[in-house]
Amino acid sequence: MHSTGLKVLSLGFTRDLWEDEDGVQGDTLNRLIANSRHLSYYAVVTHSFRKHRLVTPRKINETFWTYATNAVTPIDAWWRMFRLGSRMGRQHSLDLIQTQDPFLTGSVGHCLSRQLGVPLNVCVYGSNPFDVHWRRGSWINRLGAPWARAILRSAAGIQADGTATIQSLVTNGIPEERIAYKPVVPNNLSQFFSAKRDESLRKELSADRRFDHLALFVGRFVPQKNL
């Protein structure tokens, strides 16, 4: 146990924290294991449904635990996440609550922050309620945007993965000193640097040299990406 480290509760959606059938640890789990080495207590509560059949709780190491809500409905998942967080707050005297988005997990974290008197840190990794493209993504986004904006304005800190997102937050009144730029860097970054150029693949993608330049986009084809 790291006696000098913070005690952190994180609320998110990362179901890949559970090992697959071959026991392979993914990049997300490896990154969080690295984070846990600097903490005295680290609990991650994941939004999940019973159909996902996630074993809960799961002990990763001496300081790192993962919990699944294993809920029936989204409302049930919200309530289970809140109850789990409330119990951990009473048992471990948390120093910080972190949420993976400003809407679903953000609303749970906001309520827990008020109940426990613990600072709230919110991640804006795509779910930006000030972004018109995100709001157009679904009717749920449109209805939840005002609540998510209020949560961001009251949060003690915000993490964002892009400078454009930070500019959007600042433009809409979020103090820049409360925002931290934290891009998601793969844990296996060395594999990307060691990758070899594939001339045959480039020839195929360029229609046998018909196109001089190629643009690579990695992401979902949704309005929010503003392609």
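We use all heavy atoms of the structure for the numbers below, so side chains are in, but hydrogens, waters and symmetry mates are not.
Distance check: Leu120 CG to Ser154 OG gives 7.0 Å after rounding to the nearest 0.5 Å. For the atom pair CZ of Phe64 and NZ of Lys59, the computed distance is 13.0 Å after rounding to the nearest 0.5 Å. Taken from CZ in Arg149 to CG in Asn128, the straight-line distance is 9.5 Å, to the nearest 0.5 Å. To the nearest 0.5 Å, atoms OG1 (Thr105) and CD1 (Ile97) are separated by 11.5 Å. Distance CG/Leu116 to CG/Asp95: 11.5 Å, rounded to 0.5 Å. Rounding to the nearest 0.5 Å places CG of Leu94 at 8.0 Å from NZ of Lys7.
Nearest approach of Ser48 to Arg15, heavy atoms of both residues: CB-CD, 3.9 Å. Residues Leu17 and Thr66 come closest through the heavy atom pair CD1-CG2, 3.9 Å. Across all their heavy atoms, Pro102 and Cys123 have their closest contact at CD-O, 3.8 Å. A pairwise comparison of heavy atoms in Val124 and Leu169 identifies CG2-CD1, 4.5 Å as the closest pair. Here the closest heavy-atom approach between residue Val72 and residue Asp76 is recorded as N-OD2, 2.9 Å.
Between the side chain of Thr165 and the main chain of Ala160, no donor-acceptor pair closer than 3.5 Å is present. Formation of a donor-acceptor pair under 3.5 Å by the Ser86 side chain with backbone atoms of Phe82 is not found in this model. Arg58 contributes no side-chain N or O that, together with a main-chain N or O of Trp65, makes up a donor-acceptor pair within less than 3.5 Å. Using a distance-only test at 3.5 Å, with no hydrogens or angles considered, a donor-acceptor pair links the side chain of Ser40 to the main chain of Gly5. Under the 3.5 Å distance criterion, the side-chain polar atoms of Asn121 are left unmatched by any main-chain donor or acceptor of Gln98. Here the side chain of Arg135 pairs a donor or acceptor atom with the backbone of Phe130 at under 3.5 angstrom. Side-chain atoms of Gln100 come within 3.5 Å of backbone atoms of Phe13 as a donor-acceptor pair (strictly under, hydrogens ignored). When atom types are taken as modelled, the side chain of Thr99 and the backbone of Asp101 share a donor-acceptor pair closer than 3.5 angstrom. Side-chain N or O atoms of Trp147 include none that pairs as donor or acceptor with a backbone N or O of Phe103 at under 3.5 Å.
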Distance-only donor-acceptor pairs under 3.5 Å for side chains of residues 138-145, two or more places apart:
from: Ser138; atom 1: OG; to: Ile140; atom 2: N; distance (Å): 3.4
from: Ser138; atom 1: OG; to: Asn141; atom 2: N; distance (Å): 3.1
from: Ser138; atom 1: OG; to: Asn141; atom 2: OD1; distance (Å): 3.3
from: Asn141; atom 1: ND2; to: Trp134; atom 2: O; distance (Å): 2.9

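Ring planes of His47 and Phe49: perpendicular class, angle over 60° (limits at 30 and 60°).
For the 3.5 Å distance criterion, the side chains of Ser107 and Trp78 qualify, holding a donor opposite an acceptor. In this model, a donor atom of one side chain and an acceptor atom of the other lie less than 3.5 Å apart for Thr171 and Gln167. In the model, Asn70 has no side-chain atom that pairs as donor or acceptor with a side-chain atom of Thr56 under 3.5 Å. Side chains of Ser36 and Asn61: a donor on one and an acceptor on the other come within 3.5 Å.
Between Lys203 and Asp208 there is a salt bridge, since a side-chain N of the basic residue sits under 4.0 Å from a carboxylate O of the acidic one. We find that Arg178 and Glu176 are not joined by a salt bridge, their nearest charged nitrogen and carboxylate oxygen being 4.0 Å or further apart. Salt-bridge annotation for Arg202 and Asp198: absent, with no side-chain N of the basic residue lying under 4.0 Å from a carboxylate O of the acidic one.
Counting heavy atoms from C-beta outward, Leu11 and Thr46 have side chains that stay 4.5 Å or more apart. Inter-residue side-chain proximity for Leu84 and Met88 is flagged as met; some heavy-atom pair is nearer than 4.5 Å. Between Ile158 and Ile174, some side-chain heavy-atom pair lies under the 4.5 Å cut-off. Counting heavy atoms from C-beta on, the side chains of Ile33 and Ile60 come closer than 4.5 Å. Side-chain contact between Gln159 and Val122: absent, with no pair of heavy atoms (C-beta onward) separated by less than 4.5 Å. With contacts defined as side-chain heavy-atom distances shorter than 4.5 Å, the pair Leu96/Leu9 does not qualify. Residues Leu6 and Tyr41 have side chains not in contact (no heavy-atom distance under 4.5 Å, counting atoms from C-beta outward). Within the 4.5 Å cutoff, no side-chain heavy atoms of Arg114 are placed close to those of Cys111.
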I would like to know whether Val44 and Tyr67 meet side chain to side chain contact (heavy atoms under 4.5 Å, CB included); could you show each step before the answer?
-> CA-CA 6 Å; Val44 177; Tyr67 299 81; over 6 Å; no
Walk me through it: do His52 and Trp18 pass the test side chain to side chain contact (heavy atoms under 4.5 Å, CB included)?
-> CA-CA 10 Å; His52 298 123; Trp18 279 255; over 6 Å; no
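Phe221 CZ: 12 or fewer foreign heavy atoms inside a 6.0 Å radius.
Summarising the hydrophobic clusters (Ile, Leu, Val, Met, Phe, Trp, Tyr; side-chain heavy atoms under 4.5 Å, direct or chained), the residues clustered with Leu214 are Leu201, Leu205.
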